[in-house]
Amino acid sequence: MVLRMPVATGSTVVIVNPKARGGWVGKKWPLLEPVLREELGPLTVQFTTAPGHATTLSQEALYRGAALVLAMGGDGTASEVASGFLRGQAEPAQAAAGGPAFGYLPCGTGGDLRRTHQTPSALREAAQRVARATPRHIDAGQLDYIGHDGRPARTFFINIASFGIGGLVDALANESSKILGGTMTFFSASLRATLRYKNAQVALRLDDGPEREARIYNVVVANGRYFGGGMHIAPEAAVDDGQFDVVTLGDLTVLEAMLLGGPIYRGKHLGKPKVEVTRVRKLSARPLHEGDKVLLDVDGETPGRLPATFTVLPRALLLRV
């Protein structure tokens, strides 16, 4: 059930995650709110209270006629707010040119969505960009998967989803204090994950092609270009080309994975041994052996595991950043 809230038709709604950046947003809110109102004008502020709440708030804002819905927090918050535009539609379609727009004000740990769209990290500058921006269409991703409770589930993403070591990295990063910032938090989590992760055996189907088996370190389904706190994993991906860039890191040894880390951060890993890139509209993946749990990473969160199907939704969102 979606709860009603006081949102004026044609208004700007800011959905704030007060726990973003280790609670920094909530602590600094009395200083941050005046900046937003100065740069964006009249707005309605809503605070999230639990995982998934941002999607509910986004849906309600749209139901009440908001013209612009902004996510303020990390990449996970942005993905949840964007999901509010897409959830509830049997077949999410191209966003109407004059319809409501989605935007975000990056205040999280990873900052990968900000890097993809070259959004300023300073709040005032990011708000100024939103205020001046002309809405443009971008693609989104639909993900059908198995939740941690064992039930089929569906979510959406706007940047990157992956499976393999990525899900373990997210789990370790989200357990940490994040006091070192995004890059160091995810770098540390990646090192710890590398030492404990065992490459997964999976079956993959690209678009309508034949299923093939592979042993993988990670498979990245990229709409955007960065993930993991600054890894330039898909340097040629575009958010408006109607396709995913699928970057497969194959059966890497621990040493190979560590040596590949530097090139990935610099976006220089394409063409290296055991690295493949394919452009697709749809990817299906399942564990090769029943009982194996291959975790998902979805815009920095870990909602569940394989089997999963990733489907591109062309021009599904109007973006203002």
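We use all heavy atoms of the structure for the numbers below, so side chains are in, but hydrogens, waters and symmetry mates are not.
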Query - Main-chain N/O of G141 paired to N223 side chain as donor or acceptor, under 3.5 Å - result: no
Query raised in the report: Is there a donor-acceptor contact under 3.5 Å from the side chain of Y104 to the main chain of L113?
Result: yes
Query raised in the report: Just by modelled atom types, is the F47 backbone N or O under 3.5 Å from a matching donor or acceptor in the N17 side chain?
Result: no
Requested in this report: Apply side chain to side chain contact (heavy atoms under 4.5 Å, CB included) to R37 and V45, showing your working.
Outcome: CA-CA 10 Å; R37 295 192 182 279; V45 176; 3.9 Å; yes
Query raised in the report: If you group Ile, Leu, Val, Met, Phe, Trp and Tyr by side-chain heavy-atom gaps below 4.5 Å, do L288 and F310 land in one group?
Result: no
Query - Reported OG1-to-NZ distance for the pair T49 and K19, which is rounded to 0.5 angstrom - result: 8.5 Å
Report task. Look at the side-chain heavy atoms of Ile, Leu, Val, Met, Phe, Trp and Tyr, link any pair under 4.5 Å apart, and say whether I146 and L143 land in one connected group. Result -> no
Report summary line: Taken to the nearest 0.5 Å, the spacing of R132 CZ from E39 CD works out to 9.0 Å
Query raised in the report: According to a 4.5 Å side-chain heavy-atom criterion applied to Ile, Leu, Val, Met, Phe, Trp and Tyr, with indirect links allowed, do L68 and L318 form part of one hydrophobic cluster?
Result: no
Query raised in the report: So, does N199 use its side chain to make a donor-acceptor pair with the main chain of R215 at under 3.5 Å?
Result: no
Report task. Using the side chain to side chain contact (heavy atoms under 4.5 Å, CB included) rule, take V219 and L283 through it: C-alpha gap first, then chi angles, then the decisive distance, then the call. Result -> CA-CA 10 Å; V219 175; L283 169 68; 4.2 Å; yes
Query - Whether over 12 other heavy atoms sit under 6.0 Å from K274 NZ - result: yes
Query raised in the report: Which pair of heavy atoms, one from N159 and one from R225, lies closest together, and at what distance?
Result: OD1-N, 3.9 Å
Report task. State whether the side chain of H137 and the backbone N or O of A316 hold a donor-acceptor pair below 3.5 Å, judged by distance alone. Result -> no
Query raised in the report: Judged by atom type as modelled, is there a donor-acceptor pair below 3.5 Å linking the side chain of E80 to the main-chain atoms of T77?
Result: no
Query raised in the report: Do you know which two heavy atoms are closest between L62 and G84, and how far apart they sit?
Result: CD1-O, 3.7 Å
Report task. Quick one: do L57 and Q46 satisfy side chain to side chain contact (heavy atoms under 4.5 Å, CB included)? Show the steps, please. Result -> CA-CA 7 Å; L57 293 176; Q46 298 288 324; 3.9 Å; yes
Requested in this report: Please check if atom CZ in R281 has more than 12 non-hydrogen atoms from other residues, nucleotides or ligands closer than 6.0 Å.
Outcome: no
Report task. Using atom types as modelled and distance alone, determine if a side-chain donor or acceptor of R114 lies under 3.5 Å from a backbone N or O of Q118. Result -> no
**Report entry** Greater than 12 external heavy atoms within 6.0 Å of D149's CG
**Finding:** yes
Query raised in the report: When rounded to the nearest 0.5 angstrom, what is the spacing between OG in S83 and CG in D299?
Result: 8.5 Å
Query - Polar side chain donor-acceptor pair, D245 to Q243, under 3.5 angstrom - result: no
Report task. Kindly say whether I216 contributes a backbone atom to a donor-acceptor pair with the side chain of D251 at under 3.5 angstrom? Result -> no
**Report entry** Nearest-0.5 Å distance that lies between atom CG in L270 and atom CD in E236
**Finding:** 5.5 Å
Query - Modelled atom types, side-chain donor and acceptor of S162 and D297, under 3.5 Å - result: yes
Query - Single hit among L249, L252, I264 for side-chain contact (heavy atoms from CB on, under 4.5 Å) with V275 - result: L249
Requested in this report: State, to 0.1 Å, how close G103 and V321 come at their nearest heavy-atom pair, and which atoms those are.
Outcome: CA-CG1, 4.4 Å
Query raised in the report: Aromatic ring centroids of Y265 and Y226 under 6.0 Å?
Result: no
Query raised in the report: In Å, rounded to the nearest 0.5 Å, how long is the span from CD of E211 to OG of S284?
Result: 8.5 Å
Query raised in the report: So, D112 side chain and G229 main chain: donor-acceptor pair closer than 3.5 Å or not?
Result: yes
Report task. Under the side chain to side chain contact (heavy atoms under 4.5 Å, CB included) rule, what do S79 and F156 come out as? Steps first, then yes or no, please. Result -> CA-CA 7 Å; S79 187; F156 301 90; 5.9 Å; no
Report task. Report the relative orientation of the aromatic rings in F244 and F157; use parallel for angles under 30°, tilted for 30 to 60°, perpendicular for over 60°. Result -> parallel
Query raised in the report: When clusters are formed by joining ILVMFWY residues with side-chain heavy atoms under 4.5 Å apart, either directly or through shared neighbours, do V246 and V220 land in the same one?
Result: yes
Requested in this report: Given salt bridge (charged side-chain N to carboxylate O under 4.0 Å, His left out), test R212 with E276 step by step and report yes or no.
Outcome: CA-CA 14 Å; R212 65 181 180 89; E276 298 179 8; 3.7 Å; yes
Query - Interatomic distance, I15 atom CD1 to F102 atom CZ [nearest 0.5 angstrom] - result: 9.5 Å
Query raised in the report: Going hydrophobic residue to hydrophobic residue with side-chain gaps under 4.5 angstrom, can you get from V312 over to V247?
Result: yes
Report task. Return yes if a side-chain donor-acceptor contact under 3.5 Å exists between Y145 and T155, otherwise no. Result -> no
Requested in this report: Look at E125 together with R129 and state whether they make a salt bridge at an N to O cut-off of under 4.0 Å.
Outcome: no
Report task. Over all heavy atoms of both residues, which pair between I158 and A140 is shortest? Give the atoms and the distance, please. Result -> CG2-CB, 4.4 Å
